[in-house]
Every structure is written in structure tokens, then in C-alpha cells.
J.: 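My questions will all concern the structure given below.
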Amino acid sequence: DGVHYNSNSKAAPVVQLTTIMMVLVLILMLTWYVIILDVHGAFLLGNFEDGVQIFMYVPQGFEEFYDNGVVLLLKKTLYGTIQAAKRFWMKLLSVLKNIQFTRSKAEPCLYYKWSDLGLVFILSWVDDLMIAGNKEAVLEAKKALMQQFECEDVGELKGYVGCKVERDKSFCSTNATSFVAEFAG
């Protein structure tokens with residue numbers, strides 16, 4: 001600590017369970033569309049902080065290409081480096097800001113955007129992103145993210161960290177209509 005990494009910069013936040021539950025309730029009540037994206041190679045996308053130099057030994061199997069005693073200077077984060085998760089999260093923040101998403105002041109992994117298409121949320125945990133809102137707004141956000149990152153479109157939300165998620169859309173849309181009517185009335 002203090003030489004190869006700073007203990008304050010080695011962890012990235014993940015969305016809180018309470019936030020997930022609140023967004024799941026909104027998805028049900030408002031019959032929102034929700035998808036999951038998985039960012040490929042996320043820990044390879046981060047840049048080290050200015051002035052930070054991280055060295056590594058020559059990886060096993062590559063020793064024949066280097067003289068003895070050589071170490072390599074890393075230009076980007078790698079899987080296994082302590083800084084990788086936090087530096088990817090910093091990259092994600094930059095990308096989300098560029099596509100006009102605002103980060104919640106109460107939840108560091110909740111981002112939102114109001115547009116003519118409505119409200120859309122993005123929640124992040126490590127390299128996974130949940131996008132929820134009006135279908136057109138979700139698809140627009142997905143397109144913007146996929147232009148910035150190579151992502152796997154995992155599809156509609158089927159589970160979250162080991163919990164299975166099922167939604168009866170016919171039940172939800174009927175009850176959402178009555179909820180909106182009661183709420184408005």
C-alpha cells in the first residue's frame with residue numbers, strides 16, 4: 001500500500017440491494033422495459049491515474065523474449081491488478097457523462113437521464129449494466145453504450161446476483177394501469 005497501489009483506490013462501488021429493489025418495483029409498477037449488458041474486457045479498459053507507474057514481471061511463457069531481470073511497465077489496467085475495478089468504474093463514469101447521464105448523489109452506481117422518450121435508469125455492478133425505462137429510451141441508451149464499449153446484450157432481466165426474476169407482463173400492465181389511475185386520481 002502506498003507503493004504499488006493506494007488502498008483508497010482499489011475498490012469500485014457496486015449498486016446497493018435497496019436500490020435494485022426500488023428499481024425493480026418501478027419496473028413492475030410502470031411496466032418498464034429492462035435489459036442487461038455485460039461489458040467485455042472491462043478491466044482492460046481502465047487507465048492508471050496520472051503519474052502512477054505499475055510494473056509487472058514478465059508473464060510465464062514469455063521469458064524467452066526478454067533478458068533476465070526485465071520488468072514491464074503497464075500502460076493500461078489488467079485483470080488481477082488491484083486498480084482494475086476502480087479504474088473501469090472511472091471510465092464508465094466518463095462514458096455515462098458523455099452520453100448525458102447523471103449520477104445519483106445518493107447511490108454511486110445509479111445513473112439517470114430524462115429525455116423526450118422518458119426517464120431511463122442505468123445501474124452498474126462491476127462490468128454489468130441494467131438499463132430500465134421506456135423501451136425506446138432503453139434501446140437508445142443501449143446503442144450509445146455499445147458505441148463506447150464492446151458489450152454482450154444479455155437480454156431482458158432474468159436474474160440478479162443469484163436471484164431469479166420473473167415477470168407476468170399481462171398481470172403487471174393491468175395493475176400498472178390501475179395504479180397510475182389511483183395515483184393520479
Side-chain angles (χ1 to χ4, degrees), residues 12-47 76-77 84-185:
V14 294
V15 67
Q16 298 178 53
L17 183 58
T18 304
T19 304
I20 288 286
M21 296 302 180
M22 289 172 46
V23 171
L24 288 175
V25 168
L26 287 172
I27 290 166
L28 290 173
M29 289 178 11
L30 302 171
T31 62
W32 273 355
Y33 184 68
V34 58
I35 61 168
I36 303 293
L37 293 180
D38 180 18
V39 179
H40 287 242
F43 288 3
L44 303 174
L45 302 174
N47 294 310
K76 307 272 287 175
T77 56
K86 175 81 178 263
R87 301 315 300 171
F88 168 69
W89 182 68
M90 299 299 291
K91 171 80 171 175
L92 178 64
L93 289 178
S94 173
V95 165
L96 290 170
K97 184 177 180 181
N98 285 341
I99 60 173
Q100 280 95 41
F101 274 81
T102 302
R103 184 169 61 118
S104 166
K105 292 178 183 170
E107 164 63 78
C109 295
L110 171 65
Y111 322 93
Y112 62 92
K113 179 179 180 179
W114 286 98
S115 74
D116 293 340
L117 299 173
L119 175 63
V120 64
F121 285 133
I122 297 178
L123 289 85
S124 66
W125 59 97
V126 192
D127 60 349
D128 294 317
L129 306 172
M130 176 194 296
I131 309 173
N134 170 291
K135 186 172 184 175
E136 290 78 23
V138 168
L139 294 175
E140 181 180 275
K142 172 186 152 185
K143 179 181 176 185
L145 285 165
M146 291 184 93
Q147 289 174 344
Q148 300 294 316
F149 298 120
E150 183 180 332
C151 300
E152 175 186 352
D153 182 351
V154 178
E156 286 198 57
L157 177 67
K158 302 273 191 242
Y160 171 74
V161 189
C163 296
K164 185 177 178 180
V165 175
E166 286 186 27
R167 175 169 52 161
D168 180 344
K169 292 182 182 177
S170 63
F171 175 79
C172 293
S173 62
T174 303
N175 288 311
T177 303
S178 64
F179 172 78
V180 171
E182 287 177 32
F183 186 73

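It should be emphasised that the depicted structure is a prediction, and the values quoted were computed from it without experimental measurement. Worth knowing before you read on, the calculation uses all heavy atoms, side chains too, and leaves out hydrogens, waters and symmetry mates.
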J.: Nearest 0.5 Å please: distance from the OH atom of Tyr112 over to the CZ atom of Arg103.
T.: 11.0 Å
J.: Got Val120 and Ile131 here, is their nearest side-chain heavy-atom distance under 4.5 Å?
T.: yes
J.: What's the spacing between Ile20 CD1 and Met130 CE if we round to 0.5 Å?
T.: 4.0 Å
J.: Sequence neighbours excluded, which residues qualify as side chain to side chain donor-acceptor pair (under 3.5 Å) partners of Lys97?
T.: none
J.: Could you check whether any side-chain heavy atom of Met90 comes within less than 4.5 Å of a side-chain heavy atom of Arg87, counting everything from C-beta outward?
T.: yes
J.: Calculate, to the nearest 0.5 Å, the distance between atoms CG and CG belonging to Asn98 and Leu93 respectively.
T.: 11.0 Å
J.: By side chain to side chain donor-acceptor pair (under 3.5 Å), which residues pair with Ser124, not counting sequence neighbours?
T.: Tyr111
J.: Roughly how far, to the nearest 0.5 Å, is CD of Glu140 from NZ of Lys135?
T.: 14.5 Å
J.: Side chains of Thr77 and Phe88, heavy atoms from C-beta outward: is any pair under 4.5 Å?
T.: no
J.: For residues Leu96 and Leu145, determine if any side-chain heavy atom of one lies less than 4.5 Å from a side-chain heavy atom of the other.
T.: yes
J.: Only counting residues at least two apart or in another chain, list the ones meeting side-chain contact (heavy atoms from CB on, under 4.5 Å) with Glu107.
T.: Val15, Gln16, Thr19, Ser104, Cys109, Leu110
J.: Which residues pass the side chain to side chain donor-acceptor pair (under 3.5 Å) test with Lys142, not counting sequence neighbours?
T.: Asp153
J.: Can you name the residues that form a ring pair (Phe, Tyr, Trp, His ring centres under 6.0 Å) with Phe43, not counting sequence neighbours?
T.: Tyr79
J.: Determine, stepwise, if the pair Ile27 / Phe121 fulfils side-chain contact (heavy atoms from CB on, under 4.5 Å).
T.: CA-CA 10 Å; Ile27 290 166; Phe121 285 133; over 6 Å; no
J.: Quick check for you: to the nearest 0.5 Å, what is the distance between Leu45 atom CG and Asn47 atom CG?
T.: 9.0 Å
J.: For Met21, what residues pass the side-chain contact (heavy atoms from CB on, under 4.5 Å) criterion, not counting sequence neighbours?
T.: Leu17, Leu24
J.: To the nearest 0.5 Å, how far apart are CG in Leu37 and CD in Glu150?
T.: 12.0 Å
J.: With distance as the sole test, does Lys113 use its side chain to make a donor-acceptor pair with the main-chain N or O of Ile99 at under 3.5 Å?
T.: yes
J.: Are there over 12 heavy-atom neighbours, none belonging to Met22, within less than 6.0 Å of that residue's CE?
T.: no
J.: Does some side-chain heavy atom of Leu139 sit less than 4.5 Å from a side-chain heavy atom of Tyr33?
T.: yes
J.: Is any side-chain heavy atom of Leu129 closer than 4.5 Å to a side-chain heavy atom of Leu92?
T.: yes
J.: Please report the shortest heavy-atom distance between Ala132 and Val23, naming the atom on each side.
T.: CB-CG1, 4.3 Å
J.: Show, in sequence, the C-alpha distance, side-chain angles and deciding distance for Val34 and Val138, and conclude whether the side-chain contact (heavy atoms from CB on, under 4.5 Å) test is met.
T.: CA-CA 7 Å; Val34 58; Val138 168; over 6 Å; no
J.: Taking the side chain as every heavy atom from C-beta outward, state whether Asp38 and Asp127 have any atom pair closer than 4.5 Å.
T.: yes
